Number of protein chains: 2
Amino acid sequence: MSENVVQRLRDEIENGIISNDFAPGARLDEVQLATRFGVSRTPVREALMQLNAIGLVEIRPRRGAVVIDPGPHRIFEMFEVMAELEGLAGSLAARRFTDADRTTILAAHADCERSSSAGNSDAYYYDNERFHKAIYAASHSGFLAEQCVALHRRLQPYRRLQLRVRNRVATSFAEHGAIVEAILAGDAEQARTLLRQHVSIQGERFSDLVATLASR
Amino acid sequence: MSENVVQRLRDEIENGIISNDFAPGARLDEVQLATRFGVSRTPVREALMQLNAIGLVEIRPRRGAVVIDPGPHRIFEMFEVMAELEGLAGSLAARRFTDADRTTILAAHADCERSSSAGNSDAYYYDNERFHKAIYAASHSGFLAEQCVALHRRLQPYRRLQLRVRNRVATSFAEHGAIVEAILAGDAEQARTLLRQHVSIQGERFSDLVATLASR
DNA sequence: GTCAACGTTCTTGCATACAAGATTTATCAT
DNA sequence: ATGATAAATCTTGTATGCAAGAACGTTGAC
């Protein structure tokens with residue numbers, strides 16, 4: 001059994017939201033969730049409270065919990081912040097990376113190359129995630145890494161949509177190459193700039209996102 | 001009556017932690033809190049769950065909740081991230097501020113001037129907060145503003161300690177002047193740089209913080 | 001036929017109850 | 001006297017129960 005039921009429920013519901021199993025705007029009925037997971041309402045409520053605090057669900061008094069629907073504009077704002085934090089992580093990584101960090105980054109980068117050239121966008125998604133986490137770790141800022149992972153997770157569904165856009169995987173991998181180069185060269189400002197551009201969704205990429213969102 | 005009990009408890013306990021009423025490392029007993037606030041354990045637990053999700057308390061399975069104690073190093077990391085986000089807010093504000101934003105920023109700045117020249121560090125603390133919030137608002141990024149406010153709140157006790165350092169109020173206000181100038185001139189990069197420096201606690205300021213923390 | 005008012009039903013919010021793990025204390029052996 | 005083991009106590013984790021507010025349907029009037 002898991003550590004405790006609440007934690008498990010929290011993860012299950014969170015995954016359900018992220019994997020679009022619970023669509024934005026959907027009502028999260030307490031008894032329904034309780035029976036579905038074979039527990040009572042109490043732990044369900046506590047899990048929902050946590051998701052509320054994180055900002056994934058909204059709890060309207062006496063009217064239940066619903067999955068928050070961040071519109072395109074807010075998603076853009078979230079990517080904007082994410083780009084900034086990733087830029088910071090990159091600049092810190094360029095200054096602080098150890099031999100172990102270099103190994104991890106290069107290994108993740110190599111895996112990205114494999115899945116990219118294989119044209120496997122799902123595999124690339126996971127390797128890409130490892131690549132970015134390697135940079136967070138190399139920043140040697142625990143708090144920053146946590147913030148980045150949390151935001152990364154929240155943006156997961158939209159990130160995934162983006163990779164479906166034609167040529168995005170190849171472009172992404174090419175950007176990774178330049179980023180690795182800048183970090184390992186210890187060029188903090190270059191790493192920051194490249195990562196910021198890599199993550200932010202300016203211009204066409206934003207239009208693509210909106211279009212993809214609308215077609216769901 | 002209040003909206004709901006859980007929200008009230010969450011705020012009360014959160015304020016207690018921030019105001020150092022519940023010291024870092026202190027154990028938060030459920031029945032104790034319940035009797036203290038005149039409610040049952042259930043809403044107390046739900047409030048603690050939310051604080052756990054935010055990162056203010058740690059819940060060890062079967063062993064209760066304790067107030068998280070971020071050591072000096074982690075506090076430094078949090079200021080580092082805060083500096084980055086404030087820098088982003090400043091750069092966006094420089095590009096996007098409206099007439100109303102200008103008015104609000106200048107008003108807050110004028111209030112800072114009053115409390116600064118009066119040597120009232122407590123009043124300055126509040127005016128400073130308003131000043132920064134005015135910049136968040138001028139960034140016209142709701143998500144960024146929320147993130148900034150949340151971090152600002154978590155760093156509140158340490159910020160306050162900093163203002164006690166000799167001359168910090170005067171220095172802070174001088175920095176505000178340059179920041180206002182950069183934003184209103186529409187100089188995004190300058191606003192970003194100045195705000196980043198204004199918020200981050202490099203060199204001596206970090207030593208001061210550690211020393212002050214140790215002396216509590 | 002449509003709209004509104006009322007009553008029923010359903011859902012949430014909080015309290016209480018009960019079970020299981022953790023902690024503390026007491027007793028016994030060395 | 002000190003250490004360990006076992007029992008008592010306390011605390012957390014989950015279930016259930018009850019009350020109050022919201023959603024929904026029905027009935028009646030116009």
Side-chain angles (χ1 to χ4, degrees), chain A residues 1-18 20-70 150, chain B residues 1-18 20-70 150:
Chain A
M1 200 56 168
S2 169
E3 307 300 1
N4 62 15
V5 179
V6 174
Q7 211 68 9
R8 184 172 63 89
L9 285 175
R10 196 181 73 79
D11 291 345
E12 294 255 23
I13 300 174
E14 188 175 352
N15 285 330
I17 293 174
I18 285 168
N20 214 22
D21 208 354
F22 299 116
R27 217 167 137 285
L28 297 170
D29 188 86
E30 293 180 4
V31 294
Q32 204 169 307
L33 290 169
T35 53
R36 170 170 177 169
F37 293 112
V39 296
S40 87
R41 277 177 50 223
T42 310
V44 171
R45 283 182 59 80
E46 290 177 350
L48 289 176
M49 290 279 169
Q50 287 201 43
L51 293 175
N52 175 51
I54 293 176
L56 272 175
V57 311
E58 182 189 356
I59 295 184
R60 298 162 306 175
R62 290 270 171 202
R63 298 184 62 200
V66 296
V67 180
I68 282 190
D69 179 18
Chain B
M1 211 46 172
S2 168
E3 306 303 358
N4 64 13
V5 179
V6 174
Q7 211 69 8
R8 184 173 62 90
L9 286 175
R10 197 182 73 80
D11 291 345
E12 294 255 21
I13 300 174
E14 187 176 353
N15 284 331
I17 292 173
I18 285 167
N20 215 20
D21 207 354
F22 299 117
R27 217 167 136 285
L28 296 171
D29 189 86
E30 294 180 2
V31 294
Q32 204 168 308
L33 290 169
T35 53
R36 170 170 177 171
F37 292 113
V39 295
S40 89
R41 276 178 51 224
T42 308
V44 171
R45 284 182 58 80
E46 290 176 350
L48 289 177
M49 291 277 169
Q50 288 202 45
L51 295 175
N52 175 53
I54 293 177
L56 271 174
V57 311
E58 182 190 355
I59 295 184
R60 299 162 307 175
R62 291 265 171 207
R63 298 182 63 200
V66 296
V67 180
I68 282 190
D69 179 17

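The structure presented is a predicted model; accordingly, all values stated were derived computationally and were not measured. Every chain is numbered from 1, with letters handed out A, B, ... down the list of sequences.
Residues A:Glu30 and A:Val44 come closest through the heavy atom pair O-CG1, 4.0 Å. Between A:Arg8 and A:Val39 the shortest heavy-atom distance is NH2-CG1, 4.2 Å.
Between A:Gln7 atom CD and D:dT14 atom C1' there is a gap of 15 Å when expressed in whole angstrom units. The interatomic distance linking B:Arg8 (CZ) with C:dC14 (C1') rounds to 12 Å, in whole Å. Rounding to whole angstrom units, CZ of residue A:Phe37 and C1' of D:dT14 are separated by 16 Å. Distance B:Arg10 CZ to C:dG13 C1': 17 Å, rounded to the nearest Å. Going from atom CZ of B:Arg41 over to atom C1' of C:dA17 covers 10 Å, rounded to whole Å.
Rounded to the nearest 0.5 angstrom, A:Leu28 CG and A:Arg45 CZ are separated by 13.0 Å. A:Ile68 contributes atom CD1, which lies 10.0 Å from atom CG of A:Leu51 (distance to the nearest 0.5 angstrom). Considering CD1 of B:Ile18 and CG of B:Asp11, their distance stands at 9.5 Å, rounded to 0.5 Å. In this structure, CD on B:Gln50 lies 10.0 Å from CD1 on B:Ile13, to the nearest 0.5 angstrom.
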Heteroatom pairs (N/O) under 3.5 angstrom, protein to nucleotides 9-11 of chain C:
from, atom 1, to, atom 2, distance (Å)
C:dT11, O3', A:Arg27, NH2, 3.4

Take A:Leu56 and A:Phe22 through the side chain to side chain contact (heavy atoms under 4.5 Å, CB included) test and state the conclusion after the steps. CA-CA 11 Å; A:Leu56 272 175; A:Phe22 299 116; over 6 Å; no
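The closest donor-acceptor contact from the side chain of A:Asn52 to the backbone of A:Leu48 lies at 3.5 Å or more, if one exists at all.
Residue B:Ser40 places at least one side-chain N or O closer than 4.0 Å to OP1 or OP2 of C:dA15.
The stretch residues 44-57 of chain A touches DNA chain C through A:Arg45, each having a heavy atom within less than 4.0 Å of the strand.
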